[in-house]
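Structure first, then comments.
Residue numbers run from 1 in the order of the sequence given. What you see is a predicted model; the values in this text were computed from it and never measured.
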Amino acid sequence: MSKQPTSLDDVLAGFDQAWSPRIVAFVNDYDVRVAKFAGEHVWHVHENTDEFFLVLDGEIRIGLRDGGEREVVLHKGDTFVVPRGVYHKPSSVDGASVLLFEPTGTLSVGDRHDPVPEHVDETTGHVVA
């Protein structure tokens, strides 16, 4: 990690692949990640950690299975936390840029998930130099 400020705009301009998070900073035992969302992710669950979303640009939808099935819609500047143990499926019709905050080593498709399509990068994130 650089000891200089990181421009999220520059990081986001440096890659095109949706669903392939980039780690821009570490805070204690957590990653600060940015990702591009386009189309649909996969239904998945993080058994032992919450997942924080901040929409930097665009609009995302998060399907939730928490005692029923529902969907939340987040616009630029909105935040939302998916509680640990809740199945969820992020998506974006027109594309979005999102900041995520989760423990280092958290797999992008959670602990349990539906089959992972080719357009989703099953990763713990890619560190930005």
Looking only at heavy atoms, the pair that brings R84 and N48 closest together is NH1-O, 3.2 Å

One should read off an interatomic distance between I23 CD1 and T124 OG1, to the nearest 0.5 angstrom, of 6.0 Å

Is there a side-chain contact between D121 and H126, using heavy atoms and a 4.5 Å cut-off?
yes

Between the side chain of W19 and the main-chain N/O of A38, is any donor-acceptor distance below 3.5 Å? yes

Exercise. Less than 4.5 Å apart, any side-chain heavy atom of V81 and any of E51?
Worked result: no

Q) Above 12 or not: heavy atoms from other molecules or residues under 6.0 Å from CZ of F101? A) yes

Starting from the C-alpha separation in whole Å, work towards a yes-or-no answer on side-chain contact (heavy atoms from CB on, under 4.5 Å) for L56 and V98.
-> CA-CA 5 Å; L56 301 172; V98 179; 6.0 Å; no

Given side chains that start at C-beta, do those of F52 and Y30 come closer than 4.5 Å, heavy atoms only?
no

Could you walk me through whether F37 and D94 pass the side-chain contact (heavy atoms from CB on, under 4.5 Å) test, one step at a time? CA-CA 9 Å; F37 287 18; D94 296 319; over 6 Å; no

Original post:
Is there side-chain contact between T106 and R33, with at least one heavy-atom pair below 4.5 Å?
Top reply: yes

* Asked: Mind checking whether H113 and W43 have side chains closer than 4.5 Å, heavy atoms only?
  -> no

*asked:* With clusters defined by side-chain heavy atoms of hydrophobic residues (ILVMFWY) lying less than 4.5 Å apart, directly or transitively, does L54 cluster with V128?
replied: yes

Q. Would V34 and V82 show up in the same hydrophobic cluster when neighbours are defined by side-chain heavy atoms closer than 4.5 Å?
A. no

| message | Taking H75's backbone N and O only, do any of them form a donor-acceptor pair with D78's side chain (distance below 3.5 Å, no angle check)? | response | yes

Would you mind reporting whether S97 and L12 have side-chain heavy atoms less than 4.5 Å apart? yes

Original post:
When you look at T6 and V11, which way does the side-chain contact (heavy atoms from CB on, under 4.5 Å) test go after all the steps?
Top reply: CA-CA 8 Å; T6 300; V11 172; 3.7 Å; yes

key: Same apolar cluster: F53 and V109, side chain cutoff 4.5 Å   = yes

Using only atom types and a distance under 3.5 Å, with no angle test, would you say the side chain of R112 pairs donor to acceptor with the backbone of G110? no

Side-chain heavy atoms under 4.5 angstrom apart, residues restricted to Ile, Leu, Val, Met, Phe, Trp, Tyr: same cluster for L100 and I62?
yes

Notebook entry, point to check: Relative to the ring of H46, is the ring of H44 parallel (under 30°), tilted (30 to 60°) or perpendicular (over 60°)?
Noted result: perpendicular

S108 and T123, any side-chain heavy atoms less than 4.5 Å apart: yes

- prompt: Do E59 and K76 pass the salt bridge (Lys or Arg N to Asp or Glu O under 4.0 Å) test, and can you show the C-alpha distance, the side-chain angles, and the key distance before you say yes or no?
  reply: CA-CA 6 Å; E59 176 185 285; K76 181 178 180 178; over 6 Å; no

ask   = Is V32 close to L99 at the side-chain level, that is, under 4.5 Å between some pair of heavy atoms?
value = yes

Tightest non-hydrogen contact, residues G105 and D31, listed as N-OD2, 4.0 Å

ask   = Going through the distances and angles, do V45 and H88 end up as a side-chain contact (heavy atoms from CB on, under 4.5 Å)?
value = CA-CA 6 Å; V45 63; H88 57 289; 5.6 Å; no

Subject >> salt bridge (Lys or Arg N to Asp or Glu O under 4.0 Å) evaluation trace for K89 with E40 >> reply: CA-CA 7 Å; K89 181 180 184 179; E40 294 188 349; 2.9 Å; yes

Rounded to the nearest 0.5 angstrom, the CD1-CG distance for I60 and L74 is 4.5 Å

